[in-house]
Amino acid sequence: MAFVELRDVGKWYAALSGRRSIAVQHFSLTLDRGDFLCLLGPSGCGKTTILSMLAGFEAPSEGQILLDGQAVRAPSRDRGVVFQGDDSLYPWLTAVQNIEFGLRVGGVPAKERRATALDYLDLVGLNGQAEKFPAELSGGMKQRIQIARALANKPKMLLMDEPFGALDAQTRSIMQRELRRIWDATGTTIVFITHDIDEAILLSTRVGVMTAGPGGTLKSVIPIEMTGDRERADPAYGRYYQQVHSDIRDEVAKASSYGRKAA
Ligand SMILES: Nc1ncnc2c1ncn2[C@@H]1O[C@H](COP(=O)(O)OP(=O)(O)OP(=O)(O)O)[C@@H](O)[C@H]1O
Ligand SMILES: [Mg+2]
């Protein structure tokens, strides 16, 4: 049985005009345990909507989402979430207290949870920032604390929405390598949204490309099979890049009239 299954999932909202606004339609996908799926597609095609339904924050309007054979009905600590440009840190807790929050709720003893939280703070390169409050941290630092907080719970599944979008290039590349290392070490199943083809090929086991919205769906899933450490110099990298790029180019062109002229 697949670990995660999306069966013909659709989601729509009641628009202010009174008509239905379709966010996603006929989206079907299965994930095995340990898959690392990167999801790409033009702005507004429904990527965040898919992630939010996987997290259990919203229910599909049609179709089904199953995790281990059970319908996803509500959020759970088994699914760690890092959302797009979202500042969901508790402002009254310090950086380290934010990271250990889930462990505290889960009943992990104080000493142990503090040690774990400090390890993850170090992992995201924020050693020495433990006692700062969110208001004293930069946007990129807050984003990294959210990543550390999600990882500290050791979730079965990590749902990440453009998590490195706000980071500088150097930190981003370190975080990409660390995420690959953590994924390798833990076997966590990851769904990772990005607009960056390079990032998708360096990180994932499969790249999913969505069609343009409104009402986007899954257009293609490309398995990334590269041995050893992933290098841009690898000829396979160039081939994958071309393939993903050509799938996505047509969709971006559909989504913008400028793109239609350029394509
Ligand atoms: N709460 C909502 N109410 C009404 N419409 C919504 C709501 N959330 C999303 N939508 C619509 O659903 C569509 C998909 O939105 P979504 O945020 O999933 O796109 P996305 O692929 O994540 O885009 P981006 O790359 O810009 O983040 C859009 O047309 C959006 O306007
Ligand atoms: Mg989005």
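Note: hydrogens, waters and symmetry copies are ignored here, and every other heavy atom, side chains too, is used. Whatever order the structure lists ligands and atoms in, that order sets their numbers, starting from 1. Computed from a predicted structure; not experimentally measured.
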- Less than 4.0 Å between a side-chain N and a carboxylate O, is that true for D196 and R172? yes
- Atom OH of Y13: over 12 foreign heavy atoms under 6.0 Å: yes
- Please identify which atoms of ligand 1 are closer than 4.0 Å to at least one heavy atom of T49. 14 (C), 15 (O), 16 (P), 18 (O)
- Task: Determine, using heavy atoms of C45 and all atoms of ligand 1, whether some pair is separated by less than 4.0 Å.
- Result: yes
- Contact with ligand 1 for G44, non-hydrogen, under 4.0 angstrom: yes
- Message: Suppose we only count N/O/S atoms under 2.8 Å; would T49 qualify as near the Mg ion (ligand 2)?
- Response: no
- Task: Specify whether Y237 and Y241 have parallel, tilted or perpendicular ring planes, treating 30° as the upper limit for parallel and 60° as the lower limit for perpendicular.
- Result: tilted
- Within-shell test, K11 vs ligand 1, heavy atom, strictly < 4.0 Å: no
- Query: Using the ring of each side chain (for Trp, its six-membered ring), is F36 parallel, tilted or perpendicular to F192, with breaks at 30° and 60°?
  - Reply: tilted
- Query: Does ligand 1 have any atom sitting under 4.0 Å from a heavy atom of G46?
  - Reply: yes
- Message: I'd like to know if D68 and R33 make a salt bridge, using a cut-off of under 4.0 Å between side-chain N and carboxylate O.
- Response: yes
- Task: Kindly determine whether R149 and S88 satisfy side chain to side chain donor-acceptor pair (under 3.5 Å), including the steps that lead there.
- Result: CA-CA 11 Å; R149 182 178 59 179; S88 62; 2.7 Å; yes
- Message: Tell me every residue that passes side chain to side chain donor-acceptor pair (under 3.5 Å) with T30, counting only those two or more places apart in sequence or in another chain.
- Response: none
- Please identify which atoms of ligand 1 are closer than 4.0 Å to at least one heavy atom of A23. 12 (O), 13 (C)
- Task: Would you mind listing which atoms of ligand 1 come within a distance below 4.0 Å of any non-hydrogen atom of H195?
- Result: 25 (O)
- Heavy-atom nearest neighbour of atom 21 (O) of ligand 1 within options M210, E58, K47, E162: K47
